[in-house]
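Below: one structure, written as structure tokens.
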Amino acid sequence: MRLSPPPELWTLLWIVLQFNAMGCIQSIRCKPKSFRDSIIVLEVNSSIDPNPTSIDESSSVVLRYRTPHFRACARVLVPPVAGKETWTIGWIQACNHMEFFNTYGNKGMSSWELPDLRDGKIQAISDSDGVNYPWYGNTTETCTVVGPTKKDSKFTVSMNDNFYPSVTWGVPVSDSNVPQLSSIRRDQSFTTWLVAINQATSETLVLQTIRWRMRLHIRVDPEKPLGQRAVLNEPLAQEQPQILGKNEPIPSNAMVKPNANDAQVLMWRPKSGDPVVVIPPKY
């Protein structure tokens, strides 16, 4: 003969199980997620404007050109931050490759160069604004979340970049301004990262990686009148950026001084004779 437990025992057992289950659920729910696990990139867009590079011959001293803009934009969601943490989320950019040659007929060429990058000593160099290292900028480019917060933080960070240089019509090491510029070639590659950095610990989270390139070739006939000398040879439209499926790490040089603008050197490389430094680096 089997004896059934009294109903009171079943009730007690049910209550104990319920409390245990609730305790487990509560402990899971209350355990705070790390910032790394909680931050969400809702959307990332990147493009280069479809318009071709424009050329400006209004000056008798220099030719100017303006490339289309590279643009990157991301929408980010940060759930409530439990601890007293401060995180900055934004864009960091580095130059991976630079060729920038201005040819002056049979005289030679001037070139903007990044010596350490050119010589293979570094993989990339910071393209920060030179003030807010390592960030590309500090207006639309970044957003800071200061914990603890009780609500979701949702925001957009965006950046844009283009080239708008001046190239002398005459040989840069000559006192004469006789037009001799015959060609401009430029080919630069960049990596742009969407990043979150803990301001106290410097913990760095790479959220998205974008690669992009800007090329141009301008043919110049110095014999023609001002305003009719330069023609954009290629490309009429730039390759569109690549948003990578797998993030790439940020090289250490991309996080610190100097930036590309301060490290670049303008060289004069004559057809015969030794190269001359026209403009030294700023750092």
Side-chain angles (χ1 to χ4, degrees), residues 20-46 70-96 122-161 190-212 241-262 283:
N20 281 342
M22 288 174 65
C24 290
I25 293 169
Q26 187 175 8
S27 67
I28 292 170
R29 184 181 297 155
C30 294
K31 184 180 179 181
K33 279 188 177 182
S34 68
F35 189 90
R36 177 188 293 273
D37 295 330
S38 63
I39 187 169
I40 302 168
V41 180
L42 299 172
E43 184 180 8
V44 178
N45 293 299
S46 184
F70 160 80
R71 303 181 191 276
C73 181
R75 289 196 307 120
V76 180
L77 172 67
V78 178
V81 177
K84 293 182 178 180
E85 297 179 295
T86 299
W87 289 84
T88 299
I89 300 94
W91 296 103
I92 293 173
Q93 181 164 282
C95 177
N96 310 102
I122 57 176
Q123 293 180 326
I125 189 166
S126 168
D127 200 27
S128 164
D129 62 1
V131 177
N132 300 288
Y133 285 95
W135 306 106
Y136 183 77
N138 197 30
T139 52
T140 64
E141 296 87 356
T142 61
C143 184
T144 298
V145 177
V146 180
T149 58
K150 295 181 179 180
K151 297 180 180 179
D152 290 351
S153 302
K154 190 184 292 185
F155 50 86
T156 299
V157 285
S158 62
M159 63 162 286
N160 66 77
D161 189 12
F190 299 87
T191 305
T192 307
W193 294 271
L194 179 65
V195 181
I197 297 179
N198 185 308
Q199 295 301 315
T201 66
S202 297
E203 181 184 1
T204 301
L205 311 177
V206 176
L207 307 174
Q208 193 70 63
T209 308
I210 301 171
R211 281 188 168 272
W212 64 281
Q242 290 182 300
I243 300 175
L244 303 187
K246 183 179 180 182
N247 284 320
E248 295 185 353
I250 306 175
S252 58
N253 295 90
M255 302 289 285
V256 296
K257 297 180 180 182
N259 68 349
N261 283 343
D262 288 348
Y283 77 98

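These values consider heavy atoms only, across backbone and side chains, with no hydrogens, waters or symmetry-generated copies. Keep in mind it's a predicted model, so treat the numbers as computed, not measured.
- Between the side chains of Thr144 and Thr88, at least one donor N or O sits under 3.5 Å from an acceptor N or O.
- In this structure, the separation between CD1 on Ile122 and SG on Cys95 is 9.0 Å, given to the nearest 0.5 Å.
- Using a 4.5 Å heavy-atom cutoff, the side chains of Val157 and Trp91 are in contact.
- Under a 3.5 Å cut-off, the side chain of Tyr133 and the backbone N or O of Ser126 do not form any donor-acceptor pair.
- Between Glu248 and Val206, every side-chain heavy-atom pair lies at or beyond the 4.5 Å cut-off.
- Distance check: Lys154 NZ to Ile40 CD1 gives 9.5 Å after rounding to the nearest 0.5 Å.
- Annotation: side chain of Pro241 is not in contact with side chain of Phe190 (no heavy-atom distance under 4.5 Å).
- With hydrogens and angles disregarded, a donor-acceptor distance shorter than 3.5 Å links the side chain of Thr140 to the backbone of Ser158.
- Thr192 and Gln93 share a side-chain donor-acceptor pair at under 3.5 Å.
- Ser128 places a side-chain N or O within donor-acceptor distance of the main-chain N or O of Trp135, the cut-off being under 3.5 Å.
- Contact annotation: the side chain of Ile39 never approaches that of Trp87 to less than 4.5 Å [non-hydrogen atoms, C-beta and beyond].
- Within the structure, side-chain hydrogen bond (donor to acceptor under 3.5 Å, both in side chains) pairs that include any residue of residues 251-262 do not occur (at least two apart or interchain).
- Contact check for Glu203 versus Ile197: no side-chain heavy atoms found under the 4.5 Å cut-off.
- Under a 3.5 Å cut-off, the side chain of Asn96 and the backbone N or O of Thr191 do form a donor-acceptor pair.
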